[in-house]
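Have a look at the structure below before the remarks.
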Amino acid sequence: TILVIGANGQIGTALLPRLQALYGTDSVIGADLRQPAQKSGIFELLDATKADALAELVQRYGVTQIYHLAAVLSAKGETDPLGAWNLNMQTLLNVLEVARIHQVRKLFVPSSIAAFGEHAPKFETPQTASLDPATVYGISKVAAENWSLYYHKRYGLDVRSLRYPGLISYQSMPGGGTTDYAVAIFHAAVQGQPFECFLAEDTLLPMMYMDDALRATLELMEAPENRISVRTSYNLAGMSFTPAELTASIQTYFPDFTTRYVPDFRQAIADSWPRTIDDTVARNDWGWQPEFDLPRMTQEMITQLSTIYQPSIPTF
Ligand code: VAH
């Protein structure tokens, strides 16, 4: 069985149904601090900072794979650095230890472009670059990458990881990320409202549509173990765009839509991150290939959110 920790998060909300479709609802357990809005399949309340609660769940369901998707993201983490560090690291160490003790076969531990800092090349950031992250979230990701590598080398744990770009999805509301302007903007556009962006209009960032991120995750997890050459975390690229480019893409659907740019503390976080990512190693090792560019993502996000905000076609 597969355990998804942080099942109510941005990735968890989208990944859970994908795993249920692939492996059957009875083989997938969603777990988070609170019940989900819409419950489907097996769901367990879990505080993953409690190792014994996690171990009990793993034993009770005979868990063989864990997706560890619980974390405090970059912007929210800066409002409570030690709280973010404690949650991100305690849960990770519990997952690694419980997996080691209970012979969990495979683990997914996400990283992020937030792992890169000011001394990594900004363009085509390579797989091996110096990692001096500017945020507590980034520091916790670099630590997670190194702990994952350690548990792989010392205990043979099959831990796999991706340095996700900013992820855009319609299945959940933005949750404290610096790239979450790119989610909130669609909610405003579809509701006919102007948008106030907390990043400057020319802030170029690596981004990815959630469908690509989920496919990358599943392709990585299903790749033969001898194909995996990176046990810290793989660079992964989808596309890169600026708030101005995203606004223009949305305006092809909503010509009157406008964005105002009011940069706040999140601008410094975004400025510390890469502009574009080199994911050659992921392409060579397990055949990664993105499918969503900006126009296709815009069309998909607007289509999906339009049905959520205007569910029924008006009856005449
Ligand atoms: C964040 N969405 O903004 C996350 C991600 C690269 C961005 O780590 O914190």
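Below, each value reflects all heavy atoms present in this structure, side chains not excepted, and no hydrogens, waters or symmetry copies. Counting starts at 1 for both ligands and their atoms, in listed order.
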Do any N/O atoms on D180 end up under 3.5 angstrom from N/O atoms on ligand 1?
-> no
Nearest non-hydrogen protein atom to atom 9 (O) of ligand 1, with distance, is S74 OG, 2.6 Å
Between R34 and D32, is there a salt bridge with N-O shorter than 4.0 Å?
-> no
Under 3.5 Å, N or O to N or O, is W273 touching ligand 1 that way?
-> no
Can you sort out which atoms of ligand 1 are near L73, meaning under 4.0 Å from one of its heavy atoms?
-> 9 (O)
Does the side chain of S148 pick up a donor-acceptor pair with the side chain of S161 at under 3.5 Å?
-> no
Which protein heavy atom lies closest to atom 2 (N) of ligand 1, and at what distance to 0.1 Å?
-> T179 OG1, 3.1 Å
In ligand 1, which numbered atoms sit nearer than 4.0 Å to a non-hydrogen atom of I113?
-> 6 (C)
No-hydrogen, no-angle side-chain donor-acceptor test under 3.5 Å, Y261 and T203 | no
Quiz item: cation-pi between R154 and Y150, 6.0 Å / 45° | no
Can you list the steps and then say if R266 with E78 is a salt bridge (charged side-chain N to carboxylate O under 4.0 Å, His left out)?
-> CA-CA 9 Å; R266 289 166 282 196; E78 292 307 289; over 6 Å; no
Which residue owns the protein heavy atom closest to atom 3 (O) of ligand 1, what's the atom, and how far is it?
-> T178 N, 2.7 Å
Would you mind telling me if ligand 1 is within reach of the side chain of S112, the backbone, both or neither, using heavy atoms under 4.0 Å?
-> side chain
Taking only Lys NZ, Arg NE, NH1 and NH2, and the carboxylate oxygens of Asp or Glu, determine whether E225 and R231 approach each other closer than 4.0 Å.
-> yes
Give the intermediate values and the outcome of side chain to side chain contact (heavy atoms under 4.5 Å, CB included) for residues I250 and F186.
-> CA-CA 8 Å; I250 290 170; F186 283 104; 3.7 Å; yes
With a cut-off of 4.0 Å, which atoms of ligand 1 are near a heavy atom of Y137?
-> 5 (C), 8 (O), 9 (O)
